Amino acid sequence: MIDPRLLRDDPDRLRAAQAKRGLSADVVDEAQAADERRRSAIVEFERLRGEQKGLGRQISRATGEERQALLDRTKTLAAEVRTAESAQAEAEAAYRACLMRIPNPAAEAAPAGGEDDYVVLEEVGTPATFDFEPRDHVELGRMLGAIDIDRGAKVSGARFYYLTGVGADLELALVTMAMDQARAAGFTPMIPPTLVKPRAMEGTGFLGQAADDVYRVEGEDLYLVGTSEVPLAAYHSDEILDARTLPRRYAAFSPCFRKEAGSYGKDTRGIIRVHWFDKVEMFSYTTLEESEAEHQWLLGQERAWLDKLELAYRVIDTAAGDLGLSAQRKFDCEAWIPTQGRYRELTSTSNCTDFQARRLDIRGRFPDGVGVQPLATLNGTLVAIPRTIVAILETHQQADGSVRVPSALQPYLQGREVLEPVVG
RNA sequence: GGAGGUGUCGCCUAGUGGCCUAUGGCGCCCGCCUGCUAAGCGGGUUGAGGGUUACCCCCUCUCGCGGGUUCAAAUCCCGCCACCUCCGCCA
């Protein structure tokens with residue numbers, strides 16, 4: 001949720017922010033009108049309620065005829081209070097619904113425009129070249145006995161897969177290595193629940209237009225999360241954290257579930273786009289002032305990770321129109337995928353400023369008269385397993401179908417330096 | 001799933017219809033005192049919203065959540081949720 005003061009004090013900034021994302025500003029006008037209605041409803045209710053309380057105090061002291069007269073008066077007043085109260089509740093709800101529809105204004109520095117208007121900040125490493133015809137990850141996965149897509153489809157349907165043999169080893173190795181990096185960087189390791197209540201989903205901004213992509217459990221008020229950002233953000237919901245304990249950093253390993261609605265026909269081959277995958281996600285709670293620096297720091301963690309895997313990648317600054325509802329700025333790290341001849345997103349880090357914190361009531365207590373303020377939340381991928389496996393297999397493949405293991409990963413793969421094709 | 005119990009401010013706690021405008025302690029903040037430290041003394045300390053706005057100030061809501069009874073609810077009634085104990089089931 002945006003800062004309500006912004007709506008009151010500088011609505012034109014919100015209108016400009018909507019334009020930068022390529023959205024209509026109508027919702028800003030609606031929210032302003034709803035705010036007016038809400039405030040007059042509050043004034044009316046409080047006037048009546050104050051009168052009622054005053055009479056109540058007199059009644060407790062009065063006796064006899066005087067008391068009876070007061071009682072008669074308050075009977076009608078009680079009904080008026082009730083009406084005014086429900087009118088106020090209605091106006092509050094309508095106002096809040098308007099506010100919830102307004103996305104986080106993009107950062108000043110974020111590029112304007114849509115999906116294709118990103119800015120490339122940096123290219124790291126050299127895209128791999130081969131003196132043989134490179135195989136794609138599907139073929140490599142089959143040769144190594146690492147990925148079984150056919151049986152994934154047989155058992156669970158399209159966009160499902162098994163990681164088998166060395167493929168399963170690879171996941172465990174990547175997860176352990178990522179968790180080691182996170183722990184060393186000061187993150188608290190977490191294994192969160194991946195079924196969550198609507199509050200957590202809505203609070204992180206995944207129930208608006210994004211709801212189509214979310215699995216809901218039939219007959220229960222629960223959702224399968226598409227990222228552990230959701231349970232990590234909701235972890236401190238309704239809490240007031242001591243500002244001296246900031247930043248709080250968590251790194252979670254969890255499965256992620258995505259319907260991938262609206263992506264029919266996209267990435268149908270292989271495991272680039274799947275309904276389920278495992279991921280290690282970084283999450284930070286900090287102050288608004290520190291959030292930009294924290295964002296860069298998270299990006300640094302992602303880059304250090306990709307460097308260790310010896311991948312070629314670029315960093316892009318996502319345009320405003322391609323930001324999620326909650327994000328104020330987003331950097332993606334995209335790795336070079338040789339057989340696709342282009343960069344594909346491997347990690348993504350977003351600064352959600354106080355947007356999620358306001359929805360989830362996550363606040364900090366600050367000294368020196370600052371008092372209680374909403375915190376900033378940030379998230380970033382450390383490793384999303386399938387796409388990372390794709391990048392590793394395709395980048396480090398050799399002519400015979402074997403795959404070189406980056407040296408940093410070798411200790412996590414029982415010291416193997418090369419993954420060899422299996423027979424049969 | 002069944003039976004019983006509990007839910008009050010960051011933590012513990014008093015409070016069985018009306019000066020509850022919620023008690024006390026711990027912790028925390030400010031000040032005083034004190035060679036240092038500790039102790040002691042005094043004051044402050046739930047959060048949200050509205051009016052007014054430089055500040056002060058005033059008002060409303062907030063006792064797990066939501067309804068109800070009543071002129072009036074932390075307090076009485078109903079439903080839900082969470083936790084604890086026991087039983088059942090189960091990796």
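Hydrogens, waters and symmetry mates play no part in the numbers below; they use all other heavy atoms, side chains included. Chain letters run A, B, ... following the sequence lines, proteins first, then strands; residues in each count from 1. Please read all numbers here as calculations on a predicted model, not as lab measurements.
- Residue contacts for A:Q52: at a heavy-atom cut-off of 4.0 Å it reaches the sugar-phosphate backbone alone, with no base atom in range.
- If you take CG of A:D3 and P of B:A48, they are 13 Å apart, rounded to a whole angstrom.
- Here B:C71 is the nucleotide among B:G47, B:G50, B:C71 with the atom lying nearest to any side-chain atom of A:A78.
- Taking atom P in both B:U6 and B:C77, one finds a spacing of 12 Å when rounded to whole Å.
- Rounded to whole Å, the distance from CZ on A:R358 to P on B:G49 is 9 Å.
- When both distances must be under 3.5 Å, the Watson-Crick or G-U wobble mate of B:C57 is B:G51.
- The interatomic distance linking A:L241 (CG) with B:G10 (P) rounds to 12 Å, in whole Å.
- With respect to the salt-bridge test (charged N to carboxylate O, under 4.0 angstrom), the residues A:D221 and A:K197 do not qualify.
- The separation of B:A73 from B:C30, taken at their C1' atoms, amounts to 37 Å, rounded to a whole angstrom.
- Exactly one residue among A:V274, A:V214, A:L224, A:T227 makes a side chain to side chain contact (heavy atoms under 4.5 Å, CB included) with A:R258. That residue is A:T227.
- In this structure, A:R359 places its CZ atom 19 Å from P of B:A48, rounding to the nearest Å.
- Distance check, rounded to the nearest 0.5 Å: CG of A:D278 to CD of A:E171 gives 4.0 Å.
- A:D35 places its CG atom 12 Å from the P atom of B:G49, with the value rounded to the nearest Å.
- Between A:D317 and A:K330, none of the side-chain N atoms (NZ, or NE/NH1/NH2) sits under 4.0 Å from a carboxylate O, so this pair counts as no salt bridge.
- Distance, A:E239 CD to B:G64 P: 18 Å, rounded to whole Å.
- Pair check for B:A91 finds none; no Watson-Crick or G-U wobble contact set falls under 3.5 Å.
- Nucleotide B:C86 is matched to B:G2 when pairs are restricted to Watson-Crick or G-U wobble geometry with both distances under 3.5 angstrom.
- For B:C28, neither phosphate oxygen OP1 nor OP2 lies less than 4.0 angstrom from any side-chain nitrogen or oxygen of A:R244.
- For the pair A:D361 CG and B:G64 P, the computed distance is 18 Å after rounding to whole Å.
- Salt bridge annotation for A:R82-A:E85: absent, with no cationic side-chain nitrogen under 4.0 angstrom from a carboxylate oxygen.
- Note on A:R8: only backbone sugar-phosphate atoms sit closer than 4.0 angstrom, heavy atoms only; bases stay farther off.
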Grab the N/O contacts between the protein and nucleotides 54-61 of chain B below 3.5 Å, and write none if there aren't any.
unit_1 : atom_1 : unit_2 : atom_2 : d
B:C61  : OP1    : A:R49  : NE     : 2.2
B:C61  : OP1    : A:R49  : NH2    : 2.9
B:C61  : OP2    : A:K53  : NZ     : 3.1

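- Closest to the A:R38 side chain, of the nucleotides B:G50, B:G47, B:C29, is B:G50.
- The side chain of A:R82 places no N or O atom within less than 4.0 Å of a non-bridging phosphate oxygen (OP1 or OP2) of B:G68.
- A salt bridge links A:R358 with A:D3: the distance from a Lys NZ or Arg NE/NH1/NH2 to an Asp or Glu carboxylate oxygen falls below 4.0 Å.
- The partner of B:G18 is B:C71, judged by Watson-Crick or G-U wobble contacts that both fall below 3.5 Å.
- The side chain to side chain contact (heavy atoms under 4.5 Å, CB included) test with A:L306 is passed by exactly one of A:L311, A:L382, A:T388: A:L311.
- A salt bridge is defined here as a Lys NZ or Arg NE, NH1 or NH2 lying under 4.0 Å from an Asp or Glu carboxylate O, and A:E394 with A:R135 fails to meet this definition.
- A salt bridge is absent between A:E260 and A:K266; no separation between the charged side-chain nitrogens and carboxylate oxygens falls under 4.0 Å.
- Computed from coordinates, the A:E92 CD to B:A48 C1' distance equals 10 Å when rounded to whole Å.
- Under 4.0 Å is where a charged nitrogen must lie from a carboxylate oxygen, and between A:D169 and A:R416 at least one such pair does.
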Atom pairs, N/O to N/O, protein against nucleotides 82-84 of chain B, distance under 3.5 Å?
none

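- In this structure, A:R363 does not reach the B:G47 phosphate: none of its side-chain N or O atoms is under 4.0 Å from OP1 or OP2.
- B:G7: Watson-Crick or G-U partner is B:C81, with both key distances under 3.5 Å.
- Only the P atoms considered, B:A72 is 12 Å distant from B:C61, to the nearest whole Å.
- In this structure, A:Q397 and A:R404 have side chains that are not in contact, with every pair of non-hydrogen atoms separated by 4.5 Å or more.
- Taking atom P in both B:G7 and B:C12, one finds a spacing of 12 Å when rounded to whole Å.
- In this structure, A:I240 and A:V43 both approach RNA chain B, and ranking their closest nucleotides by distance from the 5' end singles out A:I240.
- Nucleotide B:U45 forms a Watson-Crick or G-U wobble pair with B:G27, both donor-acceptor distances falling under 3.5 Å.
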